[in-house]
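What follows is one structure encoded as structure tokens, with my remarks underneath.
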Protein chains: 2
Amino acid sequence: MKEKRNNRVSSFDVARLAGVSQSAVSRCYTPGASISEKSRAKVLKAAKELNYSPNIIARSLVQKTTRIIGVVMNRYASPFYSRVLGEFTRKIQEKGHNILLMNIHNEQGVDDILSTALQYQVDGLVITSATLSSTVVESCLQTQTPVVLFNRYSMHNEVSAVYCDGSDGGRKAAELLLPRHRRFACIKGEEGSSTSRDRSQGFIQAIEENGIRDYLCERGDFTYDSGYAAAERLLDRKDRPDAIFCVSDLMALGTMDAARHKFNLKIPEDLSVIGFDDIDMASWSSYDLTTLRQPLITMVDAAISQLFRSIENLDEGTLVRKLKTDLITRTSTRHSP
Amino acid sequence: MKEKRNNRVSSFDVARLAGVSQSAVSRCYTPGASISEKSRAKVLKAAKELNYSPNIIARSLVQKTTRIIGVVMNRYASPFYSRVLGEFTRKIQEKGHNILLMNIHNEQGVDDILSTALQYQVDGLVITSATLSSTVVESCLQTQTPVVLFNRYSMHNEVSAVYCDGSDGGRKAAELLLPRHRRFACIKGEEGSSTSRDRSQGFIQAIEENGIRDYLCERGDFTYDSGYAAAERLLDRKDRPDAIFCVSDLMALGTMDAARHKFNLKIPEDLSVIGFDDIDMASWSSYDLTTLRQPLITMVDAAISQLFRSIENLDEGTLVRKLKTDLITRTSTRHSP
DNA sequence: AGATAAATTGCATACGTATTCAAAAACTGT
DNA sequence: ACAGTTTTTGAATACGTATGCAATTTATCT
């Protein structure tokens, strides 16, 4: 079976029909190339007749540029990352490039995925969900493929990155809660997650600096359900917390639902909850969640412009940009006005 | 500036280092090709030393297959479509293919987007958010690019499609609500949306068949905010409805929040709300929304397997699959047990 | 018109791989 | 050891485009 389709029309076909050379038809599709109006007209007419359009794969081979950006993600079921992806595609398409979307399922397949991205000769790489092995970094350097990490950063600054200061965000959360609460808790994400680590560390450090040592910690995996479950464990205790910081909004929403519907607690009277991200749902009136907003648009802008600077002028160095979160106070927390 | 990078290592480089021909190194990466263990070892050693891996773009040119599937979407901020996208990427990657993600912003740019997808010589096309112009259909036929529409269908069955029976879903919603309610309303999506049209028609037809004529209609755009706003308009009336069918869950959630927090209504005592999709949030305990579940996994499976059947064996015809929704009854509606 | 400059054209080649084909090498059984 | 068979090999070519270059045409100016 599987007959190869050789019925694609090539530039030679339209050249023959138009009575010009193949070069001419190519030049017709190359902005700024030297071609007379007369030939252009003939070519376009023939092209339309045959329904021709240039084969980008072949073009990429000779031009050594595919106009493809690899975007590596995982869990974009998450509202935050699904908006991030939306912004990236919008911006990248605006720049006349296209997106090879690569999903990472288990952290161990990362190298394979990135290597196939490189095999597709992508012009650049956006990575939101993986730490790069040194092998991969080396491959990117060798092939001179610009890379920008999004909400990740590498310890040694050998690759560009844009991310949010999670530690500072956690600290802001603590500072908001400290005055009016007594028993603090934190719901973190997976052990290996750097974002979870930074955010919770900032929070914990700040409350420890205020002499508080007996705070509680639970772990989730950034999902609503895991937040709900973690909250159940916390609120079941007799020394239940009266303030919970969740390292993601989704877990915070789960926490609120557990508190209200399973434990019949009033928010914020009995319990303050604070999240991280500022996803759409945080502002829904059922939740009205106080949270640390990641400046999503700014972050994507920064990542994209850094990436394209590197693409257009390869000898530029790496750049790491750390942005601050904005504290968005809503009614899920008790706090001074 | 913009120096072309000619430092990529090619099969010739590793051939030279390994002391074999370029053909040999190519065969090393072609499963089933005829090559001795001895040469293979030499090649792999050299390849590793030079950190070589084959250029898929060049390979695609000769093999006439890119192993790329174009996926065309819009508004994947929406939880439903972001899960759809997640499933598609997972399945497509499992099959050893990759995804060219194309976002549609305004319905008029569709042709451009699809035509660039074709220029990239994609092996197949999944389209979730656009109706195809006849020009595009023709291009796909000419290039023999398999296409499958997702939650869209074309009137003339000339292209494969997988979608959900929206009309039947709307009817089920009506049947659930009819016994215990008196004033019905429907919140639709944009005028041009076929999914909105089917779902609302099914609903309206069913209640009309029961002799009810004075139902209300409002329009949103599938978002939470638009659902909230539409509900405000409905609930502000003195003849306010006691049952609202929304053609998407997100609008239903907005409706619930408006009812509860702006109008202080009890759900379901004062108002029943029913949605469509069964997104994650529908089952959150703050909402517990009755809804019509689209069998997302089944739908994606069907779409993928149809697509790959066409890819592997081009002479297969088109196939249209219409699936049924499942009514998921939760506590946002009054209904018989 | 003629000389010169400028724009256009087609030829040939390169991009990096897969693959056909004929030649060479490695086996097989006697 | 030898003819016959199978496996492996490298040279040559194709894929569809862009582009450097020399040749040709067209425009410009006196």
Side-chain angles (χ1 to χ4, degrees), chain A residues 2-43 46-47 50-67 116 118-123 143, chain B residues 2-43 46-47 50-67 116 118-123 143:
Chain A
K2 200 173 178 174
E3 292 291 329
K4 297 294 158 46
R5 35 198 173 158
N6 55 353
N7 43 353
R8 296 259 216 281
V9 19
S10 80
S11 51
F12 282 98
D13 299 326
V14 359
R16 194 175 318 120
L17 178 58
V20 298
S21 73
Q22 179 268 332
S23 319
V25 11
S26 169
R27 285 192 256 260
C28 237
Y29 295 88
T30 308
S34 164
I35 188 169
S36 68
E37 275 311 318
K38 210 165 62 176
S39 320
R40 149 162 288 138
K42 283 193 290 184
V43 167
L50 297 177
N51 193 16
Y52 166 82
S53 63
N55 181 328
I56 297 195
I57 297 296
R59 168 184 296 171
S60 299
L61 188 56
V62 15
Q63 294 195 146
K64 293 176 183 305
T65 162
T66 52
R67 301 181 84 77
T116 76
L118 291 178
Q119 286 180 256
Y120 274 100
Q121 318 293 115
V122 295
D123 287 354
T143 59
Chain B
K2 202 173 178 177
E3 292 291 329
K4 298 293 157 43
R5 36 200 172 160
N6 56 352
N7 44 352
R8 296 256 218 283
V9 18
S10 80
S11 52
F12 283 98
D13 300 325
V14 359
R16 195 176 317 121
L17 179 60
V20 298
S21 72
Q22 179 266 334
S23 320
V25 10
S26 169
R27 285 193 258 260
C28 239
Y29 295 89
T30 308
S34 163
I35 188 168
S36 68
E37 275 312 317
K38 211 166 60 174
S39 319
R40 150 163 287 140
K42 284 193 288 184
V43 168
L50 297 178
N51 193 18
Y52 166 82
S53 64
N55 181 327
I56 298 194
I57 297 297
R59 169 183 297 170
S60 299
L61 187 57
V62 16
Q63 293 194 149
K64 293 173 184 305
T65 162
T66 52
R67 301 183 84 77
T116 78
L118 291 178
Q119 286 180 257
Y120 274 100
Q121 318 293 117
V122 295
D123 287 355
T143 59

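Chain A is the first sequence line, chain B the second, and so forth, proteins listed ahead of strands; every chain is numbered from 1. Computation of the quantities below employed the complete heavy-atom set of this structure, encompassing side-chain atoms and omitting hydrogens, waters and symmetry-equivalent molecules.
- The side chain of A:Val62 has D:dG16 as its nearest neighbour among D:dG16, C:dT17, C:dT8.
- Side-chain N or O atoms of A:Ser11 include none that pairs as donor or acceptor with a backbone N or O of A:Val25 at under 3.5 Å.
- Evaluation of atom-type donor-acceptor distances gives a pair under 3.5 Å for the side chain of B:Ser23 against the base of D:dA11.
- In this entry the distance linking NZ of A:Lys38 with P of D:dA27 reads 9 Å, nearest Å.
- Taking atom CZ on A:Arg40 and atom P on C:dT8, their separation rounds to 10 Å, with Å as the unit.
- A straight line from CZ of A:Arg16 to P of D:dG16 spans 12 Å, rounded to a whole angstrom.
- The phosphate of C:dG16 has neither OP1 nor OP2 within less than 4.0 Å of any side-chain N or O from B:Ser10.
- Here A:Ser26 lies in heavy-atom contact (under 4.0 Å) with a base.
- Among the protein residues, B:Ser34 comes within range of the nucleic acid bases, having at least one heavy atom under 4.0 Å from a base atom.
- At whole-Å resolution of the value, CD in A:Glu37 and P in D:dA27 are 13 Å apart.
- Residue A:Phe12 is classed as a base contact, given a heavy-atom separation below 4.0 Å to a base.
- With hydrogens and angles left out, the side chain of A:Gln22 and the base of D:dA18 share a donor-acceptor pair within 3.5 Å.
- Atoms NZ (A:Lys64) and P (C:dC15) sit 6 Å apart, rounded to a whole Å.
- B:Gln63 has its CD atom 14 Å from the P atom of D:dC15, to the nearest Å.
- Using modelled atom types, one side-chain atom of B:Tyr120 and one backbone atom of A:Thr66 make a donor-acceptor pair closer than 3.5 Å.
- Nearest heavy-atom pair, B:Ile35 versus B:Cys28, reported as atom, atom and distance to 0.1 Å: CD1-SG, 4.1 Å.
- Between B:Ser11 and C:dT17 there is a side-chain N or O to OP1 or OP2 distance below 4.0 Å.
- Side chain of A:Asn55, nearest nucleotide from D:dG10, D:dT17, C:dT9: D:dT17.
- The phosphate of C:dT19 (OP1 or OP2) has no side-chain N or O of B:Tyr29 nearer than 4.0 angstrom.
- The CZ atom of A:Arg59 sits 8 Å away from the C1' atom of D:dT17 (whole-angstrom rounding).
- Within the 4.5 Å cutoff, no side-chain heavy atoms of A:Arg8 are placed close to those of A:Asn55.
- Comparing D:dT17, C:dT8, C:dT17 against the side chain of A:Ser39 picks out C:dT8 as the nearest.
- Distance, A:Arg27 CZ to C:dA7 P: 15 Å, rounded to whole Å.
- Remark: side-chain polar atoms of B:Thr30 are paired, donor with acceptor, to backbone N or O of B:Ser26 under 3.5 angstrom.
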